[in-house]
There are 2 protein chains.
Amino acid sequence: MAVKVRTIYDLAELAGVSPATVSRALAGKQVVSAKTAERIRKLAEEHGFSPSSIARNLRTRRRGAIGVVIPLGHERGQHISDPFFMTLIGALADELTERGFDLVLSRVIPDRDNWLQKMIDADRVDGFIVIGQSDQSKVLDAAASHFLPMVAWGAFVQGQVHCSVGTDNYLGGRLATRHLIERGCRTIAFLGNPRAIELSLRLEGARAAVAEAGGGVELLEIPTHLAAELSGEDIASYLDHVEKVPDGFFAASDMIALTAIQVLSARGLSVPDDVKVIGYDDLALARTSVPPLTTIRQDISGGVTHLVENLFKRIEGKATGSVVLNPELIVRSST
Amino acid sequence: MAVKVRTIYDLAELAGVSPATVSRALAGKQVVSAKTAERIRKLAEEHGFSPSSIARNLRTRRRGAIGVVIPLGHERGQHISDPFFMTLIGALADELTERGFDLVLSRVIPDRDNWLQKMIDADRVDGFIVIGQSDQSKVLDAAASHFLPMVAWGAFVQGQVHCSVGTDNYLGGRLATRHLIERGCRTIAFLGNPRAIELSLRLEGARAAVAEAGGGVELLEIPTHLAAELSGEDIASYLDHVEKVPDGFFAASDMIALTAIQVLSARGLSVPDDVKVIGYDDLALARTSVPPLTTIRQDISGGVTHLVENLFKRIEGKATGSVVLNPELIVRSST
DNA sequence: CCAGTTCATGCAATCGATTGCGCAAAGGCG
DNA sequence: CGCCTTTGCGCAATCGATTGCATGAACTGG
């Protein structure tokens with residue numbers, strides 16, 4: 001403890017070897033003899049020393065960090081407070097940490113189209129995970145054409161250039177709507193903002209399910225804010241102005257579904273007896289809400305694994321395809 | 001566009017000056033002549049060049065990044081999905097970005113007591129913002145005694161060593177409970193997990209308010225999970241086993257309050273007529289829920305400003321005191 | 001017109017780790 | 001026992017920017 005060990009040179013002196021050997025020992029290269037390596041590692045441990053990642057990064061031309069960015073294209077000022085995003089980010093943090101990478105979080109309000117290019121130019125991370133394409137698909141495609149290490153969570157649309165990982169929103173929408181129809185709903189309202197590409201696909205799926213039903217079922221589209229916080233007012237004002245309340249609600253997210261249930265029960269309508277409500281995402285909340293929410297499950301941890309694996313493949317220079325996972329209908333008590 | 005500009009040397013050659021001058025121009029030092037500086041900056045812009053932050057950081061011995069840490073001491077496996085945290089992190093991201101710092105997010109499951117020291121030793125960031133002390137006050141204090149650049153969001157307790165920024169939880173609890181008493185509640189239930197220091201202070205405030213009322217008011221403590229997602233079951237099972245339902249609920253967070261309202265209305269109890277419910281945090285959700293939630297407001301953006309300012313003072317080596325903000329009672333329709 | 005400042009810029013060392021190349025010692029083999 | 005391969009380690013260049021010090025030009029004033 002006499003001397004302070006700040007660099008591998010200090011440690012090298014202590015161990016009586018060259019800094020090169022220290023570097024190799026700490027990096028676990030097999031060229032150093034096992035005993036030397038062990039001795040050096042023990043010494044490092046004792047002195048609470050770990051080599052400067054900055055210097056390493058400079059030399060190896062890697063950053064050791066992944067940028068996680070959330071664009072908020074559809075609504076200015078929307079906060080990323082949806083538990084779905086939080087859950088995704090939490091899982092990403094675990095996965096990236098495990099691989100020895102930092103998670104650098106950026107929140108972007110895409111005022112100009114070059115926000116992504118600027119982040120790429122800044123060159124502070126090894127790659128990007130973009131959460132939610134929102135309405136920024138063109139920007140992502142533009143960047144993807146010359147920048148490989150980027151993967152987006154979200155929808156896959158035909159012809160897209162960038163790599164995406166997500167669930168099949170169209171199928172999810174169809175599953176949800178078909179379920180409502182099977183439960184006897186004849187007037188179904190879609191709650192969500194179709195400006196976000198993911199949600200518009202869910203809406204299309206809903207339309208398909210209605211069409212498959214072969215008539216007798218009506219689909220209404222109720223535009224709401226994407227921020228679940230704000231959807232309550234939208235729903236309430238819709239109910240105020242409609243003559244006949246729909247008997248089924250397909251909410252584009254669990255948060256919206258929960259809000260809808262609150263609004264409905266405040267008006268004396270019982271879920272699921274009078275009205276049926278299905279959500280989307282299968283957040284932890286959905287399982288324990290009252291009533292427990294029927295919903296479409298997106299496999300977050302599976303998705304995160306794919307996101308990270310594809311990103312690292314791309315960092316190594318290998319191209320990857322997009323991944324479309326299957327959503328799953330989870331039937332609980334709200335339908 | 002002929003040559004590729006990767007380093008200040010490339011740019012220096014293009015501009016016909018030395019790399020030193022380029023460095024100074026880009027850093028905005030006043031010693032370079034205005035025209036040279038302008039010319040160099042324009043050139044950099046044209047080539048989408050920005051100097052390597054890694055190399056800069058190595059030379060200047062700074063990291064350009066702040067670690068944001070969320071410890072999860074009270075409950076294993078709890079996910080940081082509470083919108084409160086998300087909102088806080090979003091605000092932090094904005095504030096730090098504005099100051100030119102990256103936000104490195106780490107999620108920590110404090111299995112051993114040295115988790116914080118390890119992060120400090122890793123030396124990848126200039127400072128830490130710890131969100132929510134949870135039950136890790138001792139760990140924070142231990143680190144704070146020799147490590148300055150760290151600020152925690154959360155409670156202030158007498159004698160703590162580390163710097164905290166937060167609202168007065170004791171006062172908040174008192175305000176909330178006093179409000180319920182004024183509204184006529186005589187049996188008040190506290191919903192929350194007092195293992196988290198912040199929540200136990202709110203509970204103490206509640207006790208104080210009850211004491212001030214001078215008898216006739218009863219305070220019940222209903223232990224719930226801290227994860228709001230899981231509190232529904234706790235509340236439901238409590239209601240199943242109690243003979244007389246309380247007429248007032250003080251929920252330790254808005255999410256728990258909303259859950260409570262759902263559970264209550266599912267049992268045919270009307271809020272606020274039969275039972276009054278007050279929350280905590282004043283999330284965006286609270287304003288638009290049904291009914292709109294009476295709650296205790298924590299000023300997040302003000303808090304974030306204090307967090308960041310104190311942290312940067314500490315990074316510069318100046319000690320700072322803790323900040324205790326006043327919470328505010330927001331009366332809406334749930335009480 | 002000259003000595004003393006001021007101003008803008010260049011030189012070169014430095015931050016701390018990584019790694020290609022070379023060398024010496026040790027081991028293998030006939 | 002002598003030659004060739006393997007093994008373990010050290011030398012020194014390198015990653016890209018910053019910055020104290022030096023230098024020469026321009027400027028000031030007498």
Side-chain angles (χ1 to χ4, degrees), chain A residues 3-41 43-45 47-65 100-102 121-126, chain B residues 3-41 43-45 47-65 100-102 121-126:
Chain A
V3 280
K4 211 168 188 181
V5 180
R6 315 185 51 74
T7 75
I8 55 169
Y9 290 83
D10 300 339
L11 196 61
E13 199 171 347
L14 262 183
V17 297
S18 79
T21 303
V22 173
S23 170
R24 288 190 263 249
L26 260 29
K29 309 258 181 182
Q30 63 289 50
V31 279
V32 248
S33 76
K35 30 196 161 168
T36 318
E38 190 46 47
R39 186 163 51 91
I40 291 175
R41 250 173 266 148
L43 228 43
E45 173 79 22
H47 290 261
F49 169 82
S50 65
S52 155
S53 51
I54 303 284
R56 187 212 330 281
N57 291 341
L58 175 59
R59 181 61 226 245
T60 59
R61 302 158 147 286
R62 281 180 310 147
R63 305 284 167 274
F101 279 73
D102 283 341
D121 286 342
D123 195 30
R124 299 176 66 85
V125 295
D126 293 309
Chain B
V3 279
K4 214 170 187 179
V5 179
R6 316 185 50 74
T7 74
I8 55 169
Y9 290 84
D10 300 340
L11 196 59
E13 198 170 348
L14 262 183
V17 297
S18 79
T21 302
V22 172
S23 169
R24 287 188 266 249
L26 260 30
K29 308 260 179 179
Q30 64 289 49
V31 280
V32 249
S33 75
K35 29 195 162 169
T36 317
E38 191 45 47
R39 185 163 51 91
I40 292 175
R41 249 173 268 148
L43 228 44
E45 174 77 22
H47 290 260
F49 169 81
S50 66
S52 155
S53 52
I54 305 282
R56 187 212 329 281
N57 291 342
L58 175 59
R59 180 61 225 239
T60 60
R61 303 158 146 284
R62 281 180 309 146
R63 305 285 169 272
F101 280 72
D102 283 341
D121 285 342
D123 195 29
R124 300 176 65 85
V125 294
D126 292 309

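A quick note: this is a predicted structure, and the numbers were derived from the prediction, not measured. Just so we're on the same page: letters track the sequence lines, and every chain starts at 1.
- Qualifying ring-ring contact (aromatic ring centres under 6.0 Å, His included) partners for B:F49, counting only residues two or more places apart in sequence or in other chains: none.
- Taking a pair as Watson-Crick or G-U wobble with both distances under 3.5 Å, the runs of three or more consecutive pairs in DNA chain C are C:1-30 with D:1-30.
- Not counting sequence neighbours, A:R6 has no partner by the salt bridge (Lys or Arg N to Asp or Glu O under 4.0 Å) test.
- Going from atom NZ of B:K29 over to atom P of C:dC7 covers 17 Å, rounded to whole Å.
- Scanning all heavy atoms of the two residues, the minimum distance from B:L26 to B:P51 falls at CD2-CD, 4.1 Å.
- Residue pairs satisfying the side-chain hydrogen bond (donor to acceptor under 3.5 Å, both in side chains) criterion with at least one member in residues 52-62 of chain A, sequence neighbours excluded, are listed as follows: A:S53-B:R124.
- At whole-Å resolution of the value, CG in A:N57 and P in C:dT19 are 12 Å apart.
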What side-chain donor-acceptor pairs closer than 3.5 Å can you find for residues 15-25 of chain B, not counting sequence neighbours?
{"residue": "B:S18", "atom": "OG", "partner": "B:A20", "partner atom": "N", "Å": "3.3"}
{"residue": "B:S18", "atom": "OG", "partner": "B:T21", "partner atom": "N", "Å": "3.3"}
{"residue": "B:S18", "atom": "OG", "partner": "B:T21", "partner atom": "OG1", "Å": "3.3"}

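- Pairs of residues two or more places apart, or lying in two chains, that qualify as side-chain hydrogen bond (donor to acceptor under 3.5 Å, both in side chains) and include a residue from residues 26-36 of chain A are A:S33-A:T36.
- Take A:D123 and apply the salt bridge (Lys or Arg N to Asp or Glu O under 4.0 Å) test, not counting sequence neighbours, and it matches A:R63.
- With sequence neighbours excluded, no residue forms a salt bridge (Lys or Arg N to Asp or Glu O under 4.0 Å) with A:E13.
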B/S/- contact track for nucleotides 8-17 of chain C, protein heavy atom under 4.0 Å:
SBBB-BBBBB

